[in-house]
Amino acid sequence: TVFVVDDDPGVLRGVRRLLQQHGYDCVLFSSADAFQKHDDFEQAICVVLDINLNDASGIDIRYRLKDAGVSLPVIYITGKDSDATRMAAMESGCIAYLTKPFTGRSLIEPIERAYTCAA
């Protein structure tokens, strides 16, 4: 299962379709608040996390997960790329940083790596 956190319904639909085509289940979260209320991370391979959510920073969420002892691999996606954002994302320990729009392959490759490491 891949968790996907993005406040754009179109991105959630598109990523869900892509993941399903590649045989992955997914759980979608349309806000940081909804994701942070979730407490079962055992079945997840990784989380695809938007950096610029309406109600929070994806990078801040990543640090909160770490503080809570959740070591789930993170793939960041963003529509607002900058050197500072990219550096902050890398420093937080992500396995991939993708700028919207991104190719399906660029998202599936790090998910496959995370799955292989988890197996």
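These figures come from a predicted structure and were not determined experimentally.
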If I take atom [atom1] from residue [X] and atom [atom2] from residue [Y], how far apart are they, to the nearest 0.5 angstrom?
{"X": "Asp25", "Y": "Arg16", "atom1": "CG", "atom2": "CZ", "value": "12.0 Å"}
{"X": "Ile95", "Y": "Cys117", "atom1": "CD1", "atom2": "SG", "value": "8.0 Å"}
{"X": "Cys46", "Y": "Glu112", "atom1": "SG", "atom2": "CD", "value": "11.0 Å"}
{"X": "Ile51", "Y": "Ser92", "atom1": "CD1", "atom2": "OG", "value": "7.5 Å"}
{"X": "Ile108", "Y": "Leu18", "atom1": "CD1", "atom2": "CG", "value": "4.0 Å"}
{"X": "Phe29", "Y": "Leu53", "atom1": "CZ", "atom2": "CG", "value": "12.0 Å"}

Answer yes or no: does atom [atom1] of [X] have more than 12 heavy-atom neighbours from other residues, nucleotides or ligands under 6.0 Å?
{"X": "Tyr24", "atom1": "OH", "value": "yes"}
{"X": "Met90", "atom1": "CE", "value": "yes"}
{"X": "Gln21", "atom1": "CD", "value": "yes"}

Exercise. Does the pair Leu49 and Ile59 meet the rule for a side-chain contact (heavy atoms from CB on, under 4.5 Å), with working shown?
Worked result: CA-CA 9 Å; Leu49 182 56; Ile59 294 171; over 6 Å; no
Problem set entry | Evaluation steps, side-chain contact (heavy atoms from CB on, under 4.5 Å), between Phe3 and Cys26 | CA-CA 6 Å; Phe3 292 163; Cys26 60; over 6 Å; no
For this session: Evaluate the side-chain contact (heavy atoms from CB on, under 4.5 Å) criterion for residues Val4 and Val47: first the C-alpha distance (whole Å), next the side-chain angles of each, then the deciding distance (0.1 Å), finally the verdict.
Result: CA-CA 6 Å; Val4 183; Val47 59; over 6 Å; no
Exercise. So Thr78 and Phe102, side-chain contact (heavy atoms from CB on, under 4.5 Å) or not? Walk me through it.
Worked result: CA-CA 10 Å; Thr78 185; Phe102 48 84; over 6 Å; no
For this session: Would you please say whether a donor-acceptor pair under 3.5 Å links the side chains of Tyr76 and Asp50?
Result: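 Side-chain D/A pair, Tyr76 to Asp50: absent.
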For this session: Scan side-chain atoms only and decide if Ser57 and Asn52 contain a donor-acceptor pair under the 3.5 Å cut-off.
Result: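 On atom types as modelled, these side chains do not qualify, holding no pair under 3.5 Å.
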Exercise. Less than 4.5 Å apart, any side-chain heavy atom of Leu107 and any of Ile75?
Worked result: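 A side-chain contact under 4.5 Å exists here.
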Any chain of hydrophobic side-chain contacts (each under 4.5 Å) joining [X] to [Y]?
{"X": "Ile77", "Y": "Ile111", "result": "yes"}
{"X": "Val74", "Y": "Val2", "result": "no"}
{"X": "Phe35", "Y": "Leu28", "result": "no"}
{"X": "Val27", "Y": "Phe41", "result": "yes"}

Check this for me, if you would: do [X] and [Y] make a salt bridge, where the nitrogen-to-carboxylate-oxygen distance has to be below 4.0 angstrom?
{"X": "Arg105", "Y": "Glu109", "answer": "yes"}
{"X": "Arg86", "Y": "Asp83", "answer": "yes"}
{"X": "Glu91", "Y": "Arg62", "answer": "no"}
{"X": "Asp8", "Y": "Lys100", "answer": "no"}

For this session: Measure across Ala32 and Ile61 and return the closest heavy-atom pair with its distance rounded to 0.1 Å.
Result: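 That would be CB-CD1, 3.3 Å.
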Problem set entry | Identified side-chain contact (heavy atoms from CB on, under 4.5 Å) counterpart of Leu12 within the set Val48, Asp7, Asp6 |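 The option that passes is Asp6.
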